[in-house]
Amino acid sequence: MAEQSGNWVLMVTAQTPTNIAVIKYWGKRDETLILPVNDSISVTLDPDHLCTTTTVAVSPSFDHDRMWLNDKEISLSGGRFQNCLREIRNRACNFEDQQKGIKIEKKDWEKLHVHIASYNNFPTAAGLASSAAGFACLVFSLAKLMNLREDQSQLSAIARQGSGSACRSLFGGFVKWIMGKDEKGSDSLAVQLADEEHWNDLVIIIAVVSSRQKETSSTSGMRESVETSLLLQHRAKEVVPKRILQMEEAIKNRDFSSFAQLACADSNQFHAVCLDTSPPIFYMNDTSHRIISYVEKWNRSEGSPQVAYTFDAGPNAVMIARNRKVATQLLQRLLFFFPPNSDTDLNSYVLGDKSILHDAGIEGMKDVEALPPPPEINTVPAQKYQGDVSYFICTRPGRGPVLLSDESKALLNPETGMPK
Ligand code: DP6
């Protein structure tokens with residue numbers, strides 16, 4: 001290093017999206033390397049509405065690795081963080097910034113400590129795949145900082161070791177996590193199937209469902225499923241391989257009917273595996289089940305699927321509408337059944353892309369009360385469930401990770417390397 005004990009700080013900031021699986025990852029064949037028992041496919045969500053921003057820095061003045069998440073310092077001692085840090089440092093390359101007088105050789109990276117600050121633009125507690133965006137952003141930003149030559153798929157194999165689903169957040173659009181065969185996991189990585197422009201009619205509405213119960217984490221839930229569920233074995237061997245091919249075809253051809261049928265069936269089978277686990281795991285609640293019934297009923301009344309639904313390890317519903325017109329009708333239905341509490345205004349109840357709200361012709365609370373019941377509902381008066389949804393987020397398929405060069409977006413102070 002040119003200045004072993006200098007007080008320079010070298011810094012990179014990046015933004016990385018979350019993703020929602022439409023063919024689910026559930027079950028590992030190797031717990032440490034995080035190798036799955038089947039391939040999975042996801043849609044990347046628009047980072048304008050859901051993303052993690054991470055700033056990483058190195059400086060000879062840092063005396064240990066430190067991380068802050070949403071302004072709170074957290075421990076980096078966990079095996080998953082350590083594995084990602086080790087893998088990145090192993091692949092780090094020479095770096096030189098003549099202007100700043102910084103020269104770091106490959107072997108020096110090991111001795112330099114990092115500061116990492118991360119921020120989610122959505123509530124971490126809402127159960128919206130924050131670990132996927134978080135680990136993807138950590139790996140992507142550290143790889144840029146340490147000048148790695150690896151391509152995006154190779155980086156995904158590092159992010160995978162932080163959290164399985166994180167590997168799919170290294171790309172925008174439609175992404176497949178190939179399970180791979182290698183015992184060491186070298187071929188268990190993500191590839192992009194199509195970018196976010198390929199099928200840009202799709203609109204995604206997420207219902208963040210109110211829930212009091214603490215859910216089983218995905219990590220321990222899938223471990224229990226692997227140990228006890230025979231349905232998981234059948235799913236991984238017989239069902240998913242065929243579904244993956246069909247889903248790839250549906251995405252390629254923008255065939256919404258097949259896409260929706262496959263996504264809904266796969267979400268339902270994943271939750272069936274959870275029920276088949278001993279003791280059974282319940283991720284969905286009454287609200288989740290109600291949403292499934294409404295969507296199924298509506299899809300049937302239309303004669304072909306208009307909306308796909310999928311649920312991860314929690315009660316939140318992710319609904320994918322075939323186009324904007326359908327999304328508008330979907331939002332009207334959702335607001336009819338799940339009106340906000342009387343003290344919540346619509347502006348804080350429908351988040352993300354609010355133009356859908358505008359298209360739906362709903363501007364204020366009074367309009368929600370005036371919404372007519374959907375024609376496919378024949379129970380009069382239709383039952384409403386005020387307060388059962390905390391809020392909705394309207395979004396769409398989105399781009400992959402990007403570097404943020406604007407220093408005002410950095411989460412660490414460029415002089416001190418401490419959180420701003
Ligand atoms: C239901 O990636 O959170 O969301 O690899 O143990 O960190 P770990 O699990 P995680 O599991 C996600 C499971 C899922 C389905 C999916 O995203 O494919």
Side-chain angles (χ1 to χ4, degrees), residues 16-45 50 52 78-84 120 124-139 156-171 174-180 185 188-190 193 204 206 215-227 229 232 235-236 239-240 243-244 247 262-277 281-284 288 309-318 320:
T16 300
T18 59
N19 70 78
I20 178 73
V22 287
I23 301 291
K24 304 290 184 192
Y25 147 54
W26 195 250
K28 299 181 183 70
R29 60 181 203 277
D30 185 309
E31 287 269 342
T32 316
L33 290 169
I34 312 196
L35 301 177
V37 295
N38 56 254
D39 294 346
S40 53
I41 292 180
S42 60
V43 181
T44 298
L45 304 183
L50 294 158
T52 298
R80 290 173 170 212
F81 279 120
Q82 289 303 316
N83 290 348
C84 289
N120 296 329
T124 312
L128 293 169
S130 55
S131 73
F135 273 106
C137 209
L138 179 115
V139 168
S156 81
I158 305 178
R160 187 201 77 227
Q161 299 176 56
S163 182
S165 52
C167 74
R168 297 185 311 239
S169 275
L170 265 297
F171 293 98
F174 300 82
V175 186
K176 173 172 157 184
W177 174 9
I178 302 169
M179 63 179 286
S188 185
L189 39 79
L193 296 175
I204 300 171
I206 304 170
E215 286 124 22
T216 314
S217 77
S218 317
T219 307
S220 56
M222 69 176 84
R223 186 184 306 128
E224 288 160 23
S225 294
V226 167
E227 282 164 6
S229 168
L232 179 141
R235 164 179 166 74
V239 183
V240 177
R243 256 184 206 161
I244 288 279
M247 184 56 102
L262 291 162
C264 297
D266 202 70
S267 172
N268 290 332
Q269 187 176 65
F270 152 50
H271 291 276
V273 167
C274 293
L275 273 185
D276 189 48
T277 299
I281 306 167
F282 309 102
Y283 284 126
M284 294 195 286
S288 321
Y309 56 80
T310 186
F311 296 73
D312 275 350
N316 298 337
V318 177
I320 307 176

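Counting starts at 1 for both ligands and their atoms, in listed order.
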>> Has Thr44 got a side-chain atom pairing as donor or acceptor with Phe171's backbone, closer than 3.5 angstrom?
In response: yes

> Considering only heavy atoms from C-beta outward, does the side chain of Leu275 approach that of Phe282 to under 4.5 Å?
Replying inline: yes

> Can you find an N or O of Lys28 that's nearer than 3.5 Å to an N or O of ligand 1?
Replying inline: yes

>> I need the atoms of ligand 1 closer than 4.0 Å to a non-hydrogen atom of Ser165, numbered in the order shown.
In response: 2 (O), 3 (O), 10 (P), 17 (O)

>> Tell me the protein heavy atom at minimum distance from atom 3 (O) of ligand 1, and give that distance in Å.
In response: Ser218 OG, 3.5 Å

> With a 4.0 Å cut-off on heavy atoms, does Trp177 reach ligand 1?
Replying inline: no

> Is there at least one pair of N or O atoms, one from Ala21 and one from ligand 1, spaced under 3.5 Å apart?
Replying inline: no

>> Among all protein heavy atoms in this structure, tell me which lies nearest to atom 17 (O) of ligand 1, with the distance rounded to 0.1 Å.
In response: Arg168 NH2, 2.8 Å

> Hey, does Arg160 sit under 4.0 Å from ligand 1 if you only count heavy atoms?
Replying inline: no

> Which of the numbered atoms in ligand 1 are below 4.0 angstrom from a heavy atom of Gly164?
Replying inline: 2 (O), 5 (O), 7 (O), 8 (P)

> Got an N/O contact under 3.5 Å between Lys24 and ligand 1?
Replying inline: no

>> Using a 4.0 Å cutoff against the non-hydrogen atoms of Arg80, which atoms of ligand 1 qualify?
In response: 6 (O), 7 (O), 8 (P)

>> Between Ser225 and Gly221 (side chain of the first, backbone of the second, donor and acceptor by atom type, cut-off under 3.5 Å), is there such a pair?
In response: yes

>> Quick one: does any side-chain atom of Asp312 pair with a main-chain N or O of Gly314 as donor and acceptor, under 3.5 Å?
In response: no

> Which ligand 1 atoms does Phe270 reach within 4.0 Å, using its non-hydrogen atoms?
Replying inline: 1 (C)

>> Quick one: does any side-chain atom of Ser217 pair with a main-chain N or O of Ser220 as donor and acceptor, under 3.5 Å?
In response: yes

> Between Ala132 and Ser165, which heavy-atom pair has the shortest distance, and what is it?
Replying inline: CB-OG, 3.7 Å

> For Ala190 and Ser156, which heavy atoms make the closest approach, and how far apart are they?
Replying inline: N-OG, 2.8 Å

> Which ligand 1 atoms, with their elements, are less than 4.0 angstrom from a heavy-atom of Met222?
Replying inline: 9 (O), 11 (O)

>> For Lys24, is there any backbone N or O sitting under 3.5 Å from a side-chain donor or acceptor partner on Asn38?
In response: yes

> Which ligand 1 atoms are under 4.0 Å away from a heavy-atom of Ile34?
Replying inline: 5 (O)

> Tell me: protein heavy atom nearest atom 13 (C) of ligand 1, and distance?
Replying inline: Tyr25 O, 3.6 Å

>> Donor-acceptor check, side chain of Arg235 to backbone of Phe270, threshold 3.5 angstrom: yes or no?
In response: no

